[in-house]
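Here's the structure we're looking at; comments come further down.
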Amino acid sequence: KEQSAASAKAMKLGKALSAARNKAAPALAKAVTKELRELGFLRAEFGVRLEALDEARHLGAELAEFEFAPNPGEPAKPLRAIASSGEISRVMLALKSVLAGQDGVPLLVFDEIDANVGGEVAVKVGQKMRALSEAHQVLCITHLPQVAAAAHRQFAVTKEFDGARTTTAVGELSGTERIAALARMLGGQDSNSALAHARSL
């Protein structure tokens, strides 16, 4: 009798969860697609497909499959199967931006999320990560000055060879060091125009 009652309760909760997911999935897809457009995927589409399970589990009666169509005219396919590492990083940034208020993960690490982007898109990537830092700690490894300039704190990673072995060092940059590092990333540490651009960033 207890087992039957528990099973009926689980079925009821599962149906309510499925209804909530079916309502939320299109809204999430729309919001993430909007974020992706701002991150340089001007015609990309993001989707959430709910796949019913043969038997309900502790997380519900379906699985969510994220789908991605980066190119117009191409059908959406599972994100895990078609996206490059740079695309996955930007999709994750879009998702985290949409879910910032609900996500309980305290630390986010983005490794070269700016791969294959530049210009205005790089600025947007930096702005979105800075906005995310209001709710999470964000660490980002980047080679783009537009992204690095958006950080509250900046660290330089360097490698040195002493004739016997290679060592890696990490040091925080401040003041003029930070300006010089941004100018180097712009390709001209000793150039007045690069230093001026670095200061403006």
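Heavy atoms only: backbone and side chains are in, while hydrogens, waters and symmetry mates are out.
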### Query
Are Leu39 and Val98 connected, step by step, through hydrophobic side chains (Ile, Leu, Val, Met, Phe, Trp, Tyr) whose heavy atoms are closer than 4.5 Å?
no
Show every donor-acceptor pair shorter than 3.5 Å between a side-chain atom in residues 154-170 and any protein atom, with sequence neighbours excluded, or say none if there are none.
residue, atom, partner, partner atom, Å
Gln154, NE2, Ala148, O, 3.4
Asp162, OD1, Ala164, N, 2.8
Asp162, OD1, Arg165, N, 2.9

## Note on the structure
Rounding to 0.5 Å, atoms CZ (Arg184) and CG (Leu195) come to a distance of 10.5 Å
### Query
Is Glu55 paired with Arg57 through a side-chain N to carboxylate O contact shorter than 4.0 Å?
no
### Query
Pairs in or reaching into residues 11-58: which pass ring pair (Phe, Tyr, Trp, His ring centres under 6.0 Å), with residues at least two apart or in two chains?
Phe41-Phe68, Phe46-Phe66
### Query
Closest approach of Ala198 and Ala183, non-hydrogen atoms and distance?
CB-N, 3.7 Å
### Query
Is Met129 reachable from Val109 through a run of I, L, V, M, F, W or Y residues, each pair having side-chain heavy atoms under 4.5 Å apart?
no
Sequence neighbours excluded and cut-off under 3.5 Å, please list the side-chain donor-acceptor pairs for residues 1-11, or say none.
none

### Message
I need the full list of side chain to side chain donor-acceptor pair (under 3.5 Å) pairs touching residues 10-35, with sequence neighbours left out, sorted by first then second residue.
### Response
Ser18-Glu62, Arg21-Glu62, Lys34-Glu38, Glu35-Lys128
### Message
Using the rule given for salt bridge (Lys or Arg N to Asp or Glu O under 4.0 Å), can you reason through Glu67 versus Lys77, listing the C-alpha separation, both sets of side-chain angles and the distance that settles it, and then say yes or no?
### Response
CA-CA 5 Å; Glu67 295 186 321; Lys77 294 179 181 173; over 6 Å; no
### Task
Please list, chain by chain and in numerical order, all residues satisfying side-chain hydrogen bond (donor to acceptor under 3.5 Å, both in side chains) with Arg37, sequence neighbours excluded.
Glu45
### Test salt bridge (charged side-chain N to carboxylate O under 4.0 Å, His left out) applied to Arg80 - qualifying residues, sequence neighbours left out
Glu65
### Query
Between OG of Ser97 and CG of Leu36, what distance do you get to the nearest 0.5 Å?
9.5 Å
### Task
List in chain and number order the residues that pass side-chain contact (heavy atoms from CB on, under 4.5 Å) with Ala64, two or more places apart in sequence or in another chain; answer none if no residue qualifies.
Val48, Leu50
### Message
With ring pair (Phe, Tyr, Trp, His ring centres under 6.0 Å) as the rule and sequence neighbours excluded, what pairs involving residues 74-119 come up?
### Response
none
### Task
May I ask you to decide if Ala150's main-chain N or O and Arg130's side chain share a donor-acceptor pair within less than 3.5 Å?
yes
### Query
According to a 4.5 Å side-chain heavy-atom criterion applied to Ile, Leu, Val, Met, Phe, Trp and Tyr, with indirect links allowed, do Leu107 and Met92 form part of one hydrophobic cluster?
no
#### Entry: Residues that Leu42 engages under side-chain contact (heavy atoms from CB on, under 4.5 Å), provided they are two or more places apart
none
### Message
Quick check: is Leu28 connected to Leu17 through a chain of hydrophobic side chains (ILVMFWY, heavy atoms under 4.5 Å apart)?
### Response
no
#### Entry: Point-to-point distance, once rounded to the nearest 0.5 Å, from CD of Gln137 to CG of Leu108
9.5 Å
### Query
Who passes side-chain contact (heavy atoms from CB on, under 4.5 Å) against Leu201, sequence neighbours left out?
Pro145, Gln146, Ala149, Leu186, His197
#### Entry: Flag, side chain of Ser133 to backbone of His136, donor-acceptor distance under 3.5 Å
no
### Query
Could you state the interatomic distance from CG (Leu144) to CE (Met185), rounded to the nearest 0.5 Å?
6.5 Å
### Query
Once you round to the nearest 0.5 Å, how far does NZ of Lys124 lie from CG of Leu93?
12.5 Å
### Query
If you round to the nearest 0.5 Å, how far is CG of Asp111 from CG of Leu139?
11.0 Å
### Task
Name all residues meeting the side-chain contact (heavy atoms from CB on, under 4.5 Å) criterion together with Leu59; count only those two or more places apart in sequence or in a different chain, and write none if there are none.
none
### Message
Going by the rule salt bridge (charged side-chain N to carboxylate O under 4.0 Å, His left out), which residues pair with Glu87 if we only count those two or more places apart in sequence or in a different chain?
### Response
none
